[in-house]
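Quick caveat, the model's predicted, so the values are computed rather than measured. Within every chain, numbering begins at 1; the chains are lettered A, B, ... in the order of the sequence lines, protein sequences first and strands thereafter.
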Number of protein chains: 2
Amino acid sequence: MASSVPDRLTPRAREIVTAAREVLESEGLAALTMRNVAARLGIRAPSLYKHFPDKDALEAAIISDGFIEMAAEFEAAGAAATLVDLAAAYRAFARAHPHLYRLMTDQELRRDLLVPGVEDGAALPVYLAAGEDADRARAAWAFAHGMTMLELTGRFPPGADVEAAWDAGLRAFTAR
Amino acid sequence: MASSVPDRLTPRAREIVTAAREVLESEGLAALTMRNVAARLGIRAPSLYKHFPDKDALEAAIISDGFIEMAAEFEAAGAAATLVDLAAAYRAFARAHPHLYRLMTDQELRRDLLVPGVEDGAALPVYLAAGEDADRARAAWAFAHGMTMLELTGRFPPGADVEAAWDAGLRAFTAR
DNA sequence: GTCTATATCAAGATAGAC
DNA sequence: GTCTATCTTGATATAGAC
């Protein structure tokens, strides 16, 4: 069933965000330029500025979508999802969208440009799964983020058992 | 007491690395350009290419130094250092040299350009402190890296108790 | 070891016409 | 909503003289 929630963006702006997302995911962050986004739509870069004030605004639109989708993945894990469940969803999201993940998490965040509430929407399930212990939730998030980044950047040595490292960390965080 | 180990670099190359390191640490990764490095030495960018084949080689020299210094910090924590001790040293290093830390850890690593062994030299103390359990060592590293990056990029919400999050994670990893 | 001159490329953004 | 033309800036790197 299709969603009937009205889009926060105009139809043309939505097309631009879609194109930008495609450029990002297929060619990486360095390729996310106004020229490349425009080219994917068959237009010229200056035309984009009639729909977004600058590149930061376009990036923020992509990032907001990312948080909304991440929150949806967490919700799909169920209201009773454990930290282990959420870690699996988190890792799957990052592996499915590695460049988007880095855009969302690996730099300063222009919160003033985001759709209000999207960051909290993704964080809340983790907080709940951590027994409403904010410190534990942040530590578990840091572990997942660290594993994800080291995995995405190829920092573990060749032959390292990444699955086993995830398991070892999750065991630590869920031991009693 | 001064070290008597002969430098792997020529004297002029060492001066260039020092200048590059100063640019990086004081102005950030985006400012680490051949022009800026040269300017700090009072020369022009093309002159640098008589000492380093390209920018990647210069960056690799900085990164190699970083690993050597990180290993030295771990050694200063003693042969019986625990994961908690090493985490404190790791965090202190990252906070003292945030831009260097990101250069070292937050991207693909050109291992072919590094001084051989420097990466392992920094990793070994963690492996030992983790009871020679490679999976546990990698998980603990990921936690420390994730906390460090989230801290450096300002991703925790204002008012978050970062110390408490570190403690919560370290407690998890050292619980029995 | 450093210089000038230059090649090459590419980025974000604006003005103003259509 | 898109265009062309342009501004401004700045990056890595090479050739060849001194």
Practice prompt. Side-chain contact test, heavy atoms from C-beta onward, threshold under 4.5 Å: evaluate it for A:R138 versus B:V162 and give yes or no.
Written response: no
Discussion item. Nearest whole Å is fine: how far is C:dA13 C1' from A:K50 NZ?
Written reply: 12 Å
Practice prompt. Respond yes when some side-chain nitrogen or oxygen of B:R12 is under 4.0 Å from OP1 or OP2 of C:dT2, and no when none is.
Written response: yes
Worksheet item: Under the 3.5 angstrom rule, does the side chain of A:R136 hit a backbone N or O of A:A130 as a donor-acceptor pair?
Response: yes
Worksheet item: Tell me: CE of B:M34 to C1' of D:dT14, nearest whole Å?
Response: 13 Å
Fill in: A:R44 CZ: over 12 foreign heavy atoms closer than 6.0 Å
no
Worksheet item: Can you tell me how far C1' of C:dA11 sits from CG of A:N36, to the nearest Å?
Response: 11 Å
Worksheet entry | Whole angstrom value for the distance that separates P of D:dT8 from CG of A:D54 | 20 Å
Practice prompt. Output the single nucleotide from C:dT4, C:dG12, D:dG16 whose closest atom is nearest the side chain of A:K55.
Written response: C:dG12
Discussion item. Does C:dC3 have OP1 or OP2 under 4.0 Å away from a side-chain N or O of B:S47?
Written reply: yes
Worksheet item: Is the shortest heavy-atom distance from the side chain of B:V17 to the side chain of B:L58 under 4.5 Å?
Response: yes
Discussion item. Any side-chain to backbone donor/acceptor pair from A:R155 onto B:Q107? Under 3.5 Å, distance only.
Written reply: yes
Worksheet entry | Residue A:Y49, side-chain heavy atoms: nucleotide from C:dA13, C:dG1, D:dA13 that is nearest | C:dA13
Worksheet item: Which whole-number value in Å describes the distance from B:R44 CZ to D:dT14 P?
Response: 19 Å
Worksheet entry | Donor-acceptor under 3.5 Å (B:S47 side chain, B:I43 main chain) | no
Worksheet item: For the side chain of B:R8 and the backbone of B:A61, is there at least one donor-acceptor N/O pair under 3.5 Å apart?
Response: yes
Worksheet, complete the sentence: Within residues 17-26 of chain A, the residues having a heavy atom closer than 4.0 Å to DNA chain C are none
Worksheet item: To the nearest angstrom, how far is A:F52 atom CZ from C:dG12 atom P?
Response: 15 Å
Discussion item. The side chain of A:P46 is closest to which nucleotide in this list: C:dA15, D:dT2, C:dA5?
Written reply: C:dA15
Discussion item. Heavy atoms from C-beta onward define the side chain here; which of C:dT2, C:dA11, D:dC3 lies closest to that of A:I43?
Written reply: D:dC3
Worksheet item: Rounded to the nearest Å, what distance is computed from the CD atom of residue B:E27 to the C1' atom of nucleotide D:dG10?
Response: 15 Å
Practice prompt. Measure from the side chain of A:T33, starting at C-beta and using heavy atoms only, and say which of C:dA13, C:dG1, C:dA11 lies closest.
Written response: C:dA11
Practice prompt. Name the closest nucleotide to the A:R35 side chain, picking from D:dC3, C:dG12, C:dT2.
Written response: C:dG12
Discussion item. Output the rounded distance in Å from NE2 (B:H51) to C1' (D:dA13).
Written reply: 16 Å
